[in-house]
Amino acid sequence: MDYFIKTIISLLKGKIDLPEEEIKTLLEIPPDFKMGDYAFPCYGLAKTLKKSPNVIAGELAKDLHAGKPIEAVRAVGPYINFFVDKTTLSETVLKTISKERDGYGNKDVGKGKTVVVDFSSPNIAKHLAVHHLRSALIGNAICNSYKTLGYTCVGINHLGDWGTQFGQLIVAYKKWGSENAHHTYTVTDLNNLYVKFHQEAEKDPGLEDEARAWFKKLESGDPGAKELWQYFKDISLQEFQKIYDMLGIHFDAFVGESFYNTMVEDTITRIKEKGLSRVSEQALIVDLEPYNMPPCLLRKKDDTTLYATRDIAAAEYRKKTYDFDRMIYVVGSEQKLHFNQFFKVLELMGHNWADRCVHVDFGLMKFKDGKMSTRKGKVVLLEDLLIEAVGRIRKIIEQKNPSLENKEAVASDVGIGAVIFADLCTKRSKDVVFDWDEVLNFEGETGPYVQYTHARLCSILRKYGKPVTAEIRFELLKEDETFILIKNLGQFPSIILKAAEFYEPSLICNYLIDVCGNLNRFYNAHRVLSDDEELTKARIFLVDATRQVIKNGLKILGIHAPEQM
RNA sequence: GCGCCCGUAGCUCAGCUGGAUAGAGCAACGGUUUCCUAAACCGUAGGUCAGACGUUCAAAUCGUCUCGGGCGCACCA
């Protein structure tokens, strides 16, 4: 696509007095393809040339003669519209896709650079529930986007395996849990203990003190506390892994908060030496009042640390270990202030890389009647949701395609794909209300729709049965539905770039919906396999390219693309 | 009280680094299958882009304010 833009710029350059860069940013794509493929608005020139933009467009258009890849230049109102040569465009786009295959969309802008992505990061001793989905899926997709751009990506699961809550859990376990010590504990048992603790603590506030005391023991290395903690952690990790496997999410490191426990002392010492901290109300804080923020707490009055402290230590450790170019934290927007505080402390410590840490936030997931809460047991477990989704797809397969092979694998790909797509589809800044019917709707702008479109294309290719060739007559791909689709396919690389730049996987979802819509319109209007050999070859080439783009896009989102469904 | 996010069709959303008639899906109604998977496609209906003022040749898009919803604001993460 750059090829056409460059030609247009060089065409305009001689006629108007603007730097290339500016012409490039001014160039736009008309709302309707019938108006042209690119357009240059003349409003800006009106002032300097003292003529109306319509007149300028008219004069310039007359002056610019089409050539080579530009088929026509036409003035429409205040715009100069450019029509590219369809054959050249089709050939450029489709040949690129067929050459690059699984690598179509890849770039090397990130070559040699490392990006650390901190995502999912659940607290242990609790189930993974639907509200954990967003961080995991958005983080995974961002990781994949950056990989596509050539970055080395390190996906880190920063497990919440440290903090006062483990004191609470130990107290609960000792009081109400240890009598069934011989039966194998599950996360459900741990969760029940956690809920019970909070119920009891409302009646007896002394429990909270006991919990803090236990956490203090844990932090100072008490073997008994540590053993229990490790036990809880093992139980949790096992269950988490099961869900991550279902979702197809991989981490390069499972490094929880506890890992940094040995480093926090050193971190605090350096903060103190820089004179950044002071004691206030018996706690050690970094005063952030000059920056209009509440203080960042490093140490509580009982001397134990807080997560901000561990986050600072973790950031320093990661910088040393990975020498990242950028570090991305995919964490809910309710933690915005925490990240602003902790990034500011990094900056004050003199870390010039502090501005390369970004908090990629996202809106809250809640129920119609309010927030989800583990404490109150008001959650939908992730596992239940995934099983339900796969179950419903299984039924639909039974009804629509009972002779399908590998039904189970396909049901899993489609059911889980539906959940992933539904979550990734909306811009991350929006709050989402969890609704079974919405997540489990499989028609229209959904994951199954994209997968179905992909499967149909595979089906055509199977039926065709011969090798796909690039030796086709590109001028045959000229109908409206066909050309719109080809242009759309050519946008894929720039969509990935934008999705990575804005940390916004929803852009890829929307793009895929677009491609599928265009494909299905093409599919309905034109038969691919016909007696006309040349035409069939040409359309097959397009079908194969579309199949490839959908597959590549889904892969970034973390969704499988079954060949039949 | 202060700060951040959101407010576009009945519902869910896209469009928001300003530009040519505000787009999809779901739901409703009507249509398309002798033909490559109808999990699809086409059509009809549906909008004071929360509101006001401002900047601009041009505002859903930028700024200020108001209203409505969400989140956060020292020993939780």
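Below, read A as the first sequence line, B as the second, and so on, with proteins coming before strands; counting in each chain starts at 1.
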With the criterion being N/O to N/O and under 3.5 Å, what pairs connect the protein with nucleotides 7-9 of chain B, and how long is each?
| residue | atom | partner | partner atom | Å |
| --- | --- | --- | --- | --- |
| G7(B) | OP1 | Lys430(A) | NZ | 3.3 |

So [X], base contact, sugar-phosphate only, or nothing? Heavy-atom distance under 4.0 Å.
X: Met293(A); answer: nothing
X: Asp32(A); answer: base
X: Ala46(A); answer: nothing
X: Gly77(A); answer: nothing
X: Asn81(A); answer: base
X: His454(A); answer: nothing
X: Pro78(A); answer: nothing

Please list each protein N or O that sits under 3.5 Å from an N or O in nucleotides 56-60 of chain B, with the distance.
none

Mark yes or no: Arg392(A) above the aromatic ring of Phe442(A), with NZ or CZ under 6.0 Å from the six-membered ring centre and no more than 45 degrees from the axis.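 No, cation not above the ring by the 6.0 Å, 45° rule.
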Evaluate the side-chain proximity of Val286(A) to Leu288(A): yes if any heavy-atom separation is below 4.5 Å, no if none is.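 Answer yes - side chains close enough.
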Show which side-chain atoms of residues 429-437 of chain A pair as donor or acceptor with protein atoms under 3.5 Å away, not counting sequence neighbours.
| residue | atom | partner | partner atom | Å |
| --- | --- | --- | --- | --- |
| Asp431(A) | OD1 | Leu364(A) | N | 2.8 |
| Asp435(A) | OD1 | Asp437(A) | N | 3.1 |

From the list [options], which nucleotide is the closest neighbour of the side chain of [X]?
X: Ser429(A); options: C6(B), A77(B), A39(B); answer: C6(B)
X: Glu257(A); options: A77(B), A20(B), C36(B); answer: A77(B)
X: Ile397(A); options: A39(B), G15(B), A77(B); answer: A39(B)
X: Met35(A); options: A77(B), A40(B), A20(B); answer: A20(B)

In terms of the angle between their ring planes, are Tyr329(A) and Phe343(A) parallel, tilted or perpendicular, with boundaries placed at 30° and 60°?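 Tyr329(A) and Phe343(A): tilted rings.
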Check the angle between the aromatic planes of Tyr260(A) and His158(A) and answer parallel, tilted or perpendicular using the 30° and 60° thresholds.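 Tilted, since the angle between the ring planes falls between 30° and 60°.
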Taking only N/O atoms, report every protein-nucleotides 70-74 of chain B pair under 3.5 Å with atom names and distance.
| residue | atom | partner | partner atom | Å |
| --- | --- | --- | --- | --- |
| G70(B) | O2' | Asp431(A) | OD2 | 2.9 |
| G72(B) | OP1 | Lys371(A) | NZ | 3.3 |
| A74(B) | N1 | Ser280(A) | OG | 2.9 |

Please, what dot-bracket string fits RNA chain B when only Watson-Crick and G-U pairs with both distances under 3.5 Å count, crossing ones use [ ] and pairs to another strand use |? ((((((((.[[[[.)...(...]]]].(((((.......))))).....[[[[[..)....]]]]])))))))....
Its contact letters, B for base, S for sugar-phosphate only and - for none at protein heavy atoms under 4.0 Å, make nucleotides 25-33 of chain B read SS-------
May I have the step-by-step check of salt bridge (charged side-chain N to carboxylate O under 4.0 Å, His left out) for Lys537(A) and Glu534(A), ending in yes or no? CA-CA 5 Å; Lys537(A) 258 162 63 182; Glu534(A) 286 301 314; 3.7 Å; yes
Name the atoms and distances for all side-chain donor-acceptor pairs under 3.5 Å in residues 408-423 of chain A, with sequence neighbours left out.
| residue | atom | partner | partner atom | Å |
| --- | --- | --- | --- | --- |
| Glu408(A) | OE1 | Arg394(A) | NE | 2.8 |
| Glu408(A) | OE2 | Arg394(A) | NH2 | 3.0 |

[X] [atom1] - [N] [atom2] separation (whole Å):
X: Lys400(A); N: A39(B); atom1: NZ; atom2: P; value: 4 Å
X: Asp37(A); N: A20(B); atom1: CG; atom2: C1'; value: 16 Å
X: Glu504(A); N: C5(B); atom1: CD; atom2: P; value: 14 Å
X: Ile124(A); N: A77(B); atom1: CD1; atom2: C1'; value: 13 Å
X: Phe502(A); N: C16(B); atom1: CZ; atom2: P; value: 9 Å
X: Trp436(A); N: C11(B); atom1: CH2; atom2: P; value: 24 Å
X: Leu519(A); N: C41(B); atom1: CG; atom2: P; value: 10 Å
X: Lys395(A); N: A39(B); atom1: NZ; atom2: P; value: 18 Å

Residue-phosphate contact under 4.0 Å: Tyr449(A) side-chain N/O, C41(B) OP1/OP2: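 True: Tyr449(A) side-chain N/O within range (under 4.0 Å) of C41(B) OP1/OP2.
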By side-chain hydrogen bond (donor to acceptor under 3.5 Å, both in side chains) - contacts of Ser277(A) (at least two apart):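 Once residues adjacent in sequence are excluded, Ser277(A) has no partner under the side-chain hydrogen bond (donor to acceptor under 3.5 Å, both in side chains) criterion.
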Determine the Euclidean distance between corresponding P atoms of C4(B) and A40(B); express it in Å to zero decimal places.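 Those two atoms are separated by 42 Å.
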Take atom C1' in C65(B) and the same atom in G46(B), then report the distance between them in whole Å.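 Pairwise C1' distance, C65(B) against G46(B), rounds to 32 Å.
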Give the residues of residues 530-545 of chain A touching RNA chain B, defined as any heavy atom closer than 4.0 Å, sorted by residue number.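 Result for residues 530-545 of chain A: none.
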Tell me, which of residues 457-468 of chain A have any heavy atom that sits under 4.0 Å from an atom in RNA chain B?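 Those residues are Ser459(A), Ile460(A), Lys463(A).
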Pair listing, salt bridge (charged side-chain N to carboxylate O under 4.0 Å, His left out) test, anchored in residues 206-216 of chain A, at least two apart: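 The answer is Lys175(A)-Glu210(A), Asp209(A)-Arg212(A).
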Would you say Glu481(A)'s side chain and Asn518(A)'s backbone share a donor-acceptor pair under 3.5 angstrom?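 No, because the side chain of Glu481(A) does not come within donor-acceptor range (under 3.5 Å) of the backbone of Asn518(A).
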On the side chain of Asn54(A), is there an atom forming a donor-acceptor pair with the base of A20(B) - under 3.5 Å, no angle test?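 In this structure, the two groups form no donor-acceptor pair.
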Hydrogens and angles aside, do Glu438(A) and Asn441(A) bring a side-chain donor and acceptor to less than 3.5 Å of each other?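 Checked: Glu438(A)/Asn441(A) side chains show no N/O donor-acceptor pair below 3.5 Å.
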List the residues meeting salt bridge (Lys or Arg N to Asp or Glu O under 4.0 Å) with Arg521(A), not counting sequence neighbours, and say none if there are none.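 Here no residue qualifies.
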